[in-house]
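See structure below.
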Amino acid sequence: LNPPQKEAVEHRGGPLLVLAGAGSGKTRVLTRRVAHLIGVQGAFPGSILAVTFTNKAAGEMKERIVSLVGAAGKNCWTGTFHSIGARLLRREAERLGLSRDFTIFDRDDSLSSLRRVLNALGISPKETSPESLLSVISRAKNDMMSPADYERESDGPYERLVAQVYSRYEAALREQNALDFDDLLVQPVRLLRDEDVRQQYAHRFKHVLVDEYQDTNKCQYEFLHALTVDHRQLFVVGDDDQSIYRWRGADLNNILDFERDHPDAKVVRLEQNYRSTSMILGAANSVIRRNIGRKGKELWTENGDGHPVLVMDVQNEQAEALAVLKMIKGCMQEENRTASEFVVLYRTNSQSRVLETTFQQGGVPYQLVGGVRFYERREIKDVLAYLRLLVNPADDTAARRVINVPARGIGKKSLEDLQEFARVHEISLLQAMRRTAEGHGAAIRAAAADKLRGFFLILDGAAARMATSPVAEVTEQILQDTDYEQHLEKENERDAATRWENVLEVLSAMQEFADTPEREDASVAGFLQEVTLATDLDNYEETAPRVTLMTLHNAKGLEFPWVFITGVEEGLFPHANSANEPDGLEEERRLFYVGLTRARERVALFTAAERRRFGGINACMPSQFLDEIDPDFVERKSLAPDYSRGRTGGAYRNYGPGRGAGSGGRSGGSGRAGGSHDEWRGRQPARTVRPSRVDDTPDFIPSYEDESQDGVTVRPGMRVRHPSWGEGVVDAVEGRGEGLKLTIKFRGGVLKKVLAIYAKLELLG
DNA sequence: CATATCCGCATTTTT
DNA sequence: TGCGGATATG
Ligand SMILES: Nc1ncnc2c1ncn2[C@@H]1O[C@H](COP(=O)(O)OP(=O)(O)OP(=O)(O)O)[C@@H](O)[C@H]1O
């Protein structure tokens with residue numbers, strides 16, 4: 001630790017803020033602080049509450065503590081705000097009038113409940129989008145506004161509508177004994193408004209520590225305040241330049257006003273960056289300097305200059321993916337790097353698709369973080385819905401989910417009738433279903449009622465087994481009884497196998513959960529909770545020999561030797577929608593800063609001339625952020641500018657100025673410097689099976705052999721040789737550029753379809 | 001009521 | 001382009 005780091009770690013008395021830029025060791029300081037509190041200042045592990053940004057980081061911190069002080073270390077509370085909130089609420093459920101078995105609703109469940117509310121209010125989801133309503137409500141909750149508060153302050157017809165929906169939505173959740181994600185933050189604050197409870201917990205948690213403080217919201221602020229207002233042992237670390245969650249309610253003022261809110265606060269600044277080369281740091285600093293209202297930090301490093309940030313112009317997203325792939329392959333081969341050293345970052349999840357397919361075809365293993373979460377997949381949620389009903393029979397959302405899975409002849413109409421019956425009799429949907437099955441409920445068709453009886457046979461059987469058997473076994477029986485595998489096949493033959501595998505994975509997760517000794521909450525509710533709060537990031541294996549693909553948001557707090565950022569184009573990054581939000585551009589810039597500062601050694605930014613979006617091809621302009629990087633830290637390169645039908649592509653060519661792209665000279669868009677297609681093609685050697693490297697390829701672009709032929713027009717009838725299949729004749733040509741596929745007839749009439757750039761083909765004529 | 005097919009819309013980012 | 005909701009048909 002350097003002196004200021006040490007000062008922070010060893011600080012005694014009063015609130016402390018470590019305000020420091022990227023890679024300056026904030027997280028390290030936080031971890032060491034916990035160790036110091038226990039090891040040197042004699043704090044009990046049980047008196048420590050440490051909030052981390054992921055559950056994984058929380059687990060690692062706890063492990064450290066346990067290795068430091070032994071089993072007692074388990075008594076400290078570490079976790080994300082959400083998981084800590086959930087844990088607190090399970091303990092204190094009755095005080096809030098909740099049952100201990102409450103269900104945590106994910107976004108899907110919340111939306112489903114909201115849709116039902118809209119339906120009951122006669123509001124058409126077409127006119128009023130449930131998604132945007134939910135986000136408004138979520139925002140209100142994170143700002144600690146109750147439905148009544150919202151109603152009071154509502155202005156105009158839309159807000160009045162929101163107020164009404166919000167209030168009904170909350171009631172719907174309470175009726176279902178459910179909490180949404182935001183409740184996990186809001187309800188603990190409500191809980192701590194009871195002075196007795198507050199004192200009890202404030203007394204227990206004598207040391208409260210928070211990582212990534214810049215992205216806390218009002219609600220989290222109040223939570224921390226309630227716990228620390230008396231003893232003032234609040235230790236937070238953060239970087240205002242890395243706040244990227246304003247859109248979900250994060251309040252930068254929490255960190256900006258820390259000193260004002262805590263007059264007795266000490267602020268420690270860390271200015272030495274240990275992560276990145278000075279080129280990368282210089283590039284990142286030059287970008288973030290453009291934001292206004294910053295605390296302002298000067299970062300320096302003892303690390304060497306390193307290499308400039310590479311800016312690559314490519315034709316389209318396919319060329320982009322391929323270029324990334326090739327660079328990674330080249331580096332792995334020639335610099336002996338492992339796949340785990342690379343991360344590919346992007347602004348939107350949809351950009352991962354082309355990367356995935358390219359990596360698959362190129363045989364490079366990857367690890368996708370984010371996107372559709374595992375436990376949000378339909379088949380998984382179906383299975384878990386049965387468990388949810390066993391734990392919490394009031395969970396109408398789960399009931400709605402499984403009522404017709406597998407098909408029981410209960411469609412829209414019967415469901416409506418059942419829900420209406422439940423509403424009139426003030427019972428849960430499950431109870432309405434049971435009464436109907438027993439013959440004194442809603443009037444639905446006899447066949448459907450019969451199927452419902454079958455449903456309860458399964459559910460009640462499972463409930464009975466639950467007392468004696470492990471969850472995994474109970475679930476397995478449910479799957480058998482419902483013929484779920486067959487259901488999957490009937491539904492969609494193509495995906496059935498994958499889906500079933502996912503289901504089996506859940507079973508093994510249950511087993512693992514049950515087999516892990518000394519769990520705080522080993523109940524089924526505990527399992528469901530863990531699963532709902534788990535993110536991909538928690539399962540992320542940083543040392544696995546795979547390239548990481550993830551959004552820039554998910555990359556916060558991580559570091560990699562090599563960072564690729566794709567899609568650095570106007571409208572995508574910064575995202576067009578950000579223009580609608582106040583200070584949206586600044587937040588995008590912070591996100592860019594976060595991306596750049598993940599890198600230890602090298603950064604490559606990609607900007608495409610065109611990109612497929614919604615099926616159409618859109619022309620793209622390079623992102624303004626590229627111009628904002630100080631030219632001294634940039635090296636600009638252009639890849640083969642254009643591909644035309646029937647020619648395999650791929651050689652790197654250098655068109656741009658070697659250095660200092662600056663702001664001028666970009667008006668023509670990117671990557672089109674090569675003139676017309678024919679002209680360009682005409683200049684290529686007639687036949688180059690293994691082109692020598694383009695001379696001016698700078699040495700920091702990994703040198704690799706281009707595996708495709710370059711500049712050759714392939715036509716049906718041409719003879720080729722394949723290393724393993726021997727000689728053959730091109731039968732058909734489809735696709736273009738990097739996606740060029742050849743159907744080749746080999747000896748014996750064997751037809752093979754190959755991607756030209758990967759098949760090591762030799763052209764014979 | 002289930003199934004097949006069509007159409008329209010979407011992509012910002014996440015617990 | 002691809003999914004999910006809406007509509008038509010059996
Ligand atoms: N005093 C130090 N000596 C050597 N290396 C250090 C020191 N402090 C931190 N590091 C290293 O610097 C890197 C960044 O540390 P850390 O992740 O804690 O920074 P951070 O400020 O939390 O970064 P960010 O805000 O970007 O997430 C890590 O690899 C860490 O091991």
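Computed from a predicted model, the values in this text were never measured in an experiment. Proteins get letters first, then strands, A, B, ... in listed order; numbering begins at 1 in each. Side chains are part of it too, since the values below use all heavy atoms of this structure and drop only hydrogens, waters and symmetry mates.
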So, is [X] near the phosphate of [N], with a side-chain N or O under 4.0 Å from OP1 or OP2?
X: A:Asn554; N: B:dT13; result: no
X: A:Asn349; N: B:dT14; result: yes
X: A:Thr551; N: B:dT14; result: yes
X: A:Arg246; N: B:dT13; result: no

Under 4.0 Å between any heavy atoms, over every strand shown, what does [X] touch: base, sugar-phosphate, or nothing? Just pick one.
X: A:Glu131; value: nothing
X: A:Ile410; value: sugar-phosphate
X: A:Arg590; value: nothing
X: A:Thr348; value: sugar-phosphate
X: A:Ser83; value: nothing
X: A:Phe573; value: nothing

- Task: Using a strict 4.0 Å threshold on nitrogen-to-oxygen distance, state whether A:Lys56 and A:Glu541 make a salt bridge.
- Result: no
Checking contacts here: which listed nucleotide ([options]) is nearest the side-chain heavy atoms of [X]?
X: A:Thr80; options: B:dT13, B:dT15, C:dC3; answer: B:dT15
X: A:Ser350; options: B:dT15, B:dT11, B:dT14; answer: B:dT11
X: A:Asp182; options: B:dT15, B:dT11, B:dT14; answer: B:dT15
X: A:Arg353; options: B:dT11, B:dT15, C:dC3; answer: C:dC3
X: A:Asn404; options: B:dT13, B:dT15, B:dA2; answer: B:dA2
X: A:Arg248; options: B:dT13, B:dT15, C:dC3; answer: B:dT15

